[in-house]
Amino acid sequence: MINQTLVRQMTLCGFLALACPVVSGEAQNSPGQDDEYVALKSFSVLGDAQAAQAVAGSAHFIAPQDLEQFGHSDVLRVLRQVPGVYLQDEEGYGLRPNIGIRGSGLDRSSRITLLEDGVLIAPAPYAAPAAYYFPGVQRMHAMEVIKGPAAVALGPRTTGGALNMLSTPVPEMLAGSIQLRAGEEQTFQGTARLGDSGDRVGWLLEANRQQTDGFKRLDNGGDTGYSLNDYVAKLRVRSARDALWDQSLEIKLGYWEHDANETYLGLTDADFAATPYRRYAGSRLDRLNAHHSQYQATWTLAPPGGRWDLVLSAYRNEFHRNWYKLGKVAGTSISKILADPMTYSNELAWLRGDSDSPNDALNLRNNNRAYFSQGVQALLHTDIAGERAWHEIELGLRVHEDQEDRLQDEDLYRIDNGAMVLTTDGAPGSQANRVSSAHALALHISDRIQAGKWSFSPGVRYERISLKREDYSTSDPSRLAGPTRLRDNDVEVVVPGLGITWKALESVLVIGGINKGFNPPAPGTAASAEKSLNLEGGLRFQRGGLGIEAIGFISDYDNLVGTCTASTGGDCVIGDQFDGGEATVRGIELGGRYRLNDLTGHGFAVPIEINYTWTPTASFDSAFASDFEPWGDVTRGDRMPYVPEHQLQFGAGLEGPRFGLTARLNYQDTTRTVAGSGDIPVSESADSRLVVDLAAYWEINPHLRLTSRVENLSDQTYNVARRPAGMRPGMPRTLTVGFRYDL
């Protein structure tokens, strides 16, 4: 039987062989030891926070207690505690997050590898990775952020790194909980879980609900909030305790549905200064409807003695969304109108509902898209004890396919006395009628070699990707005539990486790494794949309750690629890619934690943590012109947009026997929204801000806990971005209170 330590590290070490800690053969258990019997878990990359400290590279494990402390439903607020991660808010709730790692770019989190339980989770990870679907944070048990050479085995996007989200595990005994929160703007958050395990069969049922009326105020009234339902069921069957071979089969089924009255339309600078939470009348009909289904089966196998183990997963994800939203007024994009309100004063007046417009003045698009992704992935892991070194070898395989299907049309409206009136109803497929698809084969092999105080983690990943885009006539929604244009492109790449650690002292671990960064191109594009050379080096210090980590990194791009999406703004053709040439990102990540226990001798504790990212360099090394709005016309030395130089989060708390109070202070300096040099123009910046969140709990008894949370305690007003169009506010001060009851 495999012991708990080995279980933690074989979980999708599976696609992270480079980072797994070594476990000696002597630590393994023999069959029949009931106290060591555990279910084989095949979903985690790191295992736990302690294992993350042994990684030959930068890796962060956000533990269950860290998620529970604030109970955030916004993944951006959760990830603020990880240095080297760049975040751009959009609607204030983190529903469609923009996440980047080490300057990789962050639009719709499409520049990093996103996984849930070790499986690719973006709508179409190769063909259309923009994360219009993102798993609900409330149902996550833990999160893992992996950067540098440690991310090579995960792929396909290795420039920045990966985020793996771990859903609630099947409990080992009868367990259940109900957690409810309510707050301003008719906000409600609820989570209910119930599960149990016998000797061989375990199960879990989970339901999550979120809803709010929203904090923005729509001209002439209307809802600016959202609702979200998220359901998961799990069934696990495992071998008998005295079985010769240790086996487990876990099946996960999930369904997610989302309805949001959300828009891409922001505000002009003047309107933001006057009423930052206003929404113009022209966005009244903007609405997103989406649903997602997931199916996953994972089988694990380990023979007697545990000298090797096999993890095999099959998965399918289906996602459909239709975002009906305003894109143009009188043929001009909303981003241009808000950026230059003097030139487009008539169009702005129509947006505001201040004056009546001609027929067909406002263009609303049915962004109707269907996605699927499916595949099989396998991991074979084995340990070999040599005379002078211990080898931990892993072989990984992924066979994957995904697709995005667009069948979009546009409706035209006029503004009449502040109301929107339909004047032309577009036919299905009349705006866009195309299918993008990808087939991928990925292999990786790695070896973690432990020799005395040194460890070496060489690894290599091979990807073969076939991409295709089929364009159909906009007058042929049934596609009976076949495609009018067919474009395809194939990519074959080898991605090597090497991580090294040296135990300089009992409490000091020196780490270093080098790896190739890679991002595949879009289907049918003429742009090249993105490639870079990534370097990192630093140290970790751990003694008692004090932990410190300092890592420097360099991402040296041979070719930085930008992708045009509606969320980037501008007038570029959706799906087009732009070669940005050579670029360089350099930075330092600092993190520290300390826990002062038994303060005053009465059982009080003071936990303290700090995370800081300094990115002095994030520049283009060549000049070029593009229609990609965040870049535009670039001069050599221009700084990249949405890469702040300074990011800081400081947290401190007070914990007693039955209560806890925690404050987190988050700072981000002024950030460019368009590439440029020198002083940042006000019209091309997102505000610096200092935001404080506060959380508290009081334990009534071992089963019942009262909770409260205040986000943006000082009620600071700040602009988070100028995309997709115009200025967008961060969330104002928001209070929620609730309780958690555990069986």
Side-chain angles (χ1 to χ4, degrees), residues 4 7-8 34-39 41 44 48-50 61-73 78 81 136-143 166-183 188-199 201-210 230 232-234 236 545 593 595-609 651-664 693-710 735-743:
Q4 184 66 47
V7 167
R8 287 172 177 164
D34 292 349
D35 57 342
E36 294 293 335
Y37 183 87
V38 291
K41 302 177 179 68
S44 170
D48 57 19
Q50 183 177 0
F61 186 90
I62 302 175
Q65 59 267 29
D66 294 323
L67 292 177
E68 176 67 23
Q69 195 170 47
F70 273 79
H72 286 307
S73 59
V78 173
Q81 60 191 290
V137 176
Q138 286 180 289
R139 65 175 179 82
M140 292 304 152
H141 178 70
M143 292 188 178
L166 302 173
S167 63
T168 305
V170 175
E172 289 300 313
M173 62 184 66
L174 180 63
S177 66
I178 297 176
Q179 183 165 338
L180 302 177
R181 292 179 183 268
F188 172 79
Q189 298 172 2
T191 299
R193 301 185 181 105
L194 182 64
D196 192 11
S197 287
D199 286 344
V201 178
W203 56 274
L204 171 74
L205 297 176
E206 181 174 14
N208 295 274
R209 169 74 178 181
Q210 299 178 35
D230 199 351
V232 173
K234 294 184 178 182
R236 184 187 64 205
R593 286 196 173 200
R595 183 178 180 87
L596 180 61
N597 289 314
D598 199 22
L599 184 67
T600 74
H602 292 85
F604 292 97
V606 178
I608 299 172
E609 65 177 68
L654 178 64
E655 297 177 359
R658 296 179 62 183
F659 78 92
L661 178 68
T662 303
R664 283 182 181 162
D693 294 343
L694 191 67
Y697 72 86
W698 179 35
E699 191 174 278
I700 303 297
N701 58 52
H703 298 282
L704 179 62
R705 171 181 291 195
L706 303 183
T707 62
S708 64
R709 181 181 70 221
V710 181
L735 169 67
T736 57
V737 296
F739 70 90
R740 173 175 177 143
Y741 180 80
D742 296 306
L743 294 179

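Residue indices begin at 1 and follow the sequence shown.
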Gap separating the OH atom of Tyr697 from the CD atom of Glu655, nearest 0.5 angstrom: 5.0 Å
Rounded to the nearest 0.5 Å, what's the gap from CD on Glu206 to CD on Gln138? Could you check? 9.0 Å
Do the non-hydrogen side-chain atoms of Gln81 and Asp66 ever get within less than 4.5 Å of each other? yes
Heavy atoms only: give me the nearest Leu194-Trp203 pair and the separation to one decimal. O-CZ3, 3.2 Å
Would the distance check show the side chain of Arg139 and the main-chain N or O of Asp230 forming a donor-acceptor pair, the cut-off being under 3.5 Å? no
Side-chain donor-acceptor contact under 3.5 Å, Arg740 with Thr707: no
With side chains defined as the heavy atoms from C-beta onward, is the minimum distance between Leu596 and Phe604 less than 4.5 Å? no
Value for CG (Asp742) from CG (Asn701), rounded to nearest 0.5 Å, stands at 10.0 Å
Quick check: closest heavy atoms across Ser167 and Lys234, and the distance to 0.1 Å? OG-NZ, 2.7 Å
When rounded to the nearest 0.5 Å, the distance separating CZ of Arg664 from CG of Asp693 is 8.5 Å
So do the side chains of Val232 and Thr168 get within less than 4.5 Å of each other, counting heavy atoms only? no
For Ser73 and Gln189, work out which heavy atoms get closest and say how close. OG-NE2, 3.2 Å
Gln210 side, atom CD; Thr191 side, atom OG1 - distance, nearest 0.5 Å: 8.0 Å
Can you find a heavy atom in the side chain of Leu706 that is under 4.5 Å from one in the side chain of Val737? no
Side chain to side chain contact (heavy atoms under 4.5 Å, CB included) for Leu180 and Tyr741? Distances and angles first, verdict last. CA-CA 9 Å; Leu180 302 177; Tyr741 180 80; over 6 Å; no
Distance-minimising heavy-atom pair for Asp196 and Val170: O-CG1, 4.2 Å
Please find the pair of heavy atoms, one from Pro171 and one from Leu204, that lie closest to each other, and give the distance. CD-CD1, 4.2 Å
At their closest point, which heavy atom of Leu661 faces which heavy atom of Ala696, and how far apart are they? CD1-CB, 3.8 Å
Pairwise distance CH2(Trp698) to CG(Leu704) - rounded to 0.5 angstrom: 9.5 Å
